[in-house]
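Numbering of ligands and ligand atoms starts at 1, following listing order.
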Amino acid sequence: MIDVLASNESPAHRMMRRLDELVKFSDEDGALTRLYLSKAHREAAKQFIAWCAEAGVDAKIDASGNVWGRYEGKAPGAPALMLGSHIDTVRNAGRYDGNLGALAALAVVEALAASGERLDHAVEIVAFGDEEGVRFPTTLTGSRALAGLFARAALDQKDADGVTMRDALVAFGCDPDGVGALRGRNIAAFVELHIEQGPVLEAENLAVGVVTAINGATRLHAKVVGLAGHSGAVPMGLRRDALTAAAEMMLLIEARARIEDDLVGTVGRVDVEPGAVNVIPGEVRFTVDIRAPRDEQRRRAVSDISKRLSAIAATRNVELTLTQTHEAGAYACHASVIAGLKDSVERVYGAPARLLPSGAGHDTMVMGQLCPAGMLFLRCKGGISHNPEESITTEDAEVGLTSLIDFTRHFQAGPKRAT
Ligand SMILES: [Zn+2]
């Protein structure tokens with residue numbers, strides 16, 4: 001009965017219904033938490049495979065826990081356009097991060113299969129098992145496996161309960177020794193539909209945007225040492241206040257990030273010692289996170305900020321130690337994928353496509369090491385993600401899905417690819 005009713009649904013409505021249904025596969029009652037290789041992940045993967053079967057696609061779980069399926073083109077064995085995203089979540093997650101892109105991939109194939117339409121290329125669907133990296137210390141395990149970048153040492157990493165990834169894979173029904181051989185063959189491109197996780201599209205009243213690059217990031221740890229003293233007894237002119245120095249540094253970081261488009265700088269954590277109402281702060285430690293879509297832009301900003309923080313420290317007679325704790329390069333989405341998505345959005349949406357960088361990391365940046373890759377962003381309410389409040393509209397989902405179907409139909413593998 002449900003199937004009969006469901007058959008009258010539009011593809012976007014069906015996708016939204018499935019997104020709602022997937023919420024029940026959770027490791028926690030009353031919240032959506034679906035960790036890599038958990039029972040809930042297994043059940044969600046099985047449900048995904050069942051939906052693929054409805055579309056006539058024989059999907060399987062691969063050695064690393066990804067669900068993978070293939071819809072052949074006119075000639076069997078043709079190069080494939082791969083579509084997808086991840087179905088693992090953070091703790092107490094929203095229902096759209098990752099799941100949207102996996103179910104959109106399925107919906108694209110369903111749209112083709114409904115009329116028996118075959119293209120010059122195949123379409124592959126993937127629902128990656130681990131993007132968020134919540135359970136084990138590594139992240140992006142699923143796409144790394146497919147891109148041929150999986151490090152075997154990850155199999156020995158343990159979760160909080162002491163279970164190794166190797167044992168978790170075996171319990172999931174996977175073959176840990178097969179993960180290294182998963183590298184995708186004959187994949188012409190990878191495209192991921194994902195919620196924006198930021199407020200830009202909403203602010204500009206746009207349903208979708210085409211991602212140009214996934215930002216690189218530098219993280220620094222700053223330690224400012226002044227001199228603690230009695231808040232009543234030390235005159236202002238004789239102080240070496242570590243917190244007021246750090247405050248000036250934070251404002252400098254903000255001001256420097258503001259002068260360039262797409263550059264962002266954040267101080268997310270501050271520790272103050274001794275942290276008492278009547279003591280001049282003697283030591284402050286804070287984090288700095290700087291991101292940009294171009295590595296050169298980010299390095300220039302980091303270098304500027306480091307010099308100017310040192311100048312503030314010198315003027316205020318405090319000691320500054322800056323340590324880099326993390327660095328990851330940006331991924332520039334492939335020009336051919338950006339151009340193709342832009343054309344599709346303009347055909348479907350009837351307005352110039354908004355191009356924007358992604359501030360968060362995604363499977364796309366890993367798949368981009370294997371083949372040309374790119375992303376389509378969908379507006380999400382308030383830019384909120386990693387939170388049960390995540391929200392999108394069916395109307396926007398329809399624009400995103402229709403654009404992805406259009407892209408798939410117009411996609412050309414091989415020689416026409418731009419470089
Ligand atoms: Zn995601």
Practice task
With R183 as the cation and F150 as the aromatic partner, state whether NZ or CZ is under 6.0 Å from the six-membered ring centre and within 45° of the axis.
Solution key: no
At a cut-off of 2.8 Å, protein N/O/S around the Zn ion (ligand 1) gives H86 NE2, D97 OD1, H194 NE2
### Task
Tell me yes or no: between the side chains of Q47 and E21, is some donor less than 3.5 Å from an acceptor?
no
**Prompt:** Any side-chain donor paired with an acceptor under 3.5 Å for E192 and T364?
**Reply:** yes
Partner of F128 under side-chain contact (heavy atoms from CB on, under 4.5 Å), picked from L146, I87, D88, is L146
>> Within the 3.5 Å criterion, strictly below it, is a donor on H86 or N66 matched to an acceptor on the partner's side chain?
In response: no
*Evaluate the side-chain hydrogen bond (donor to acceptor under 3.5 Å, both in side chains) criterion for residues H410 and D343: first the C-alpha distance (whole Å), next the side-chain angles of each, then the deciding distance (0.1 Å), finally the verdict.*
CA-CA 9 Å; H410 287 84; D343 288 349; over 6 Å; no
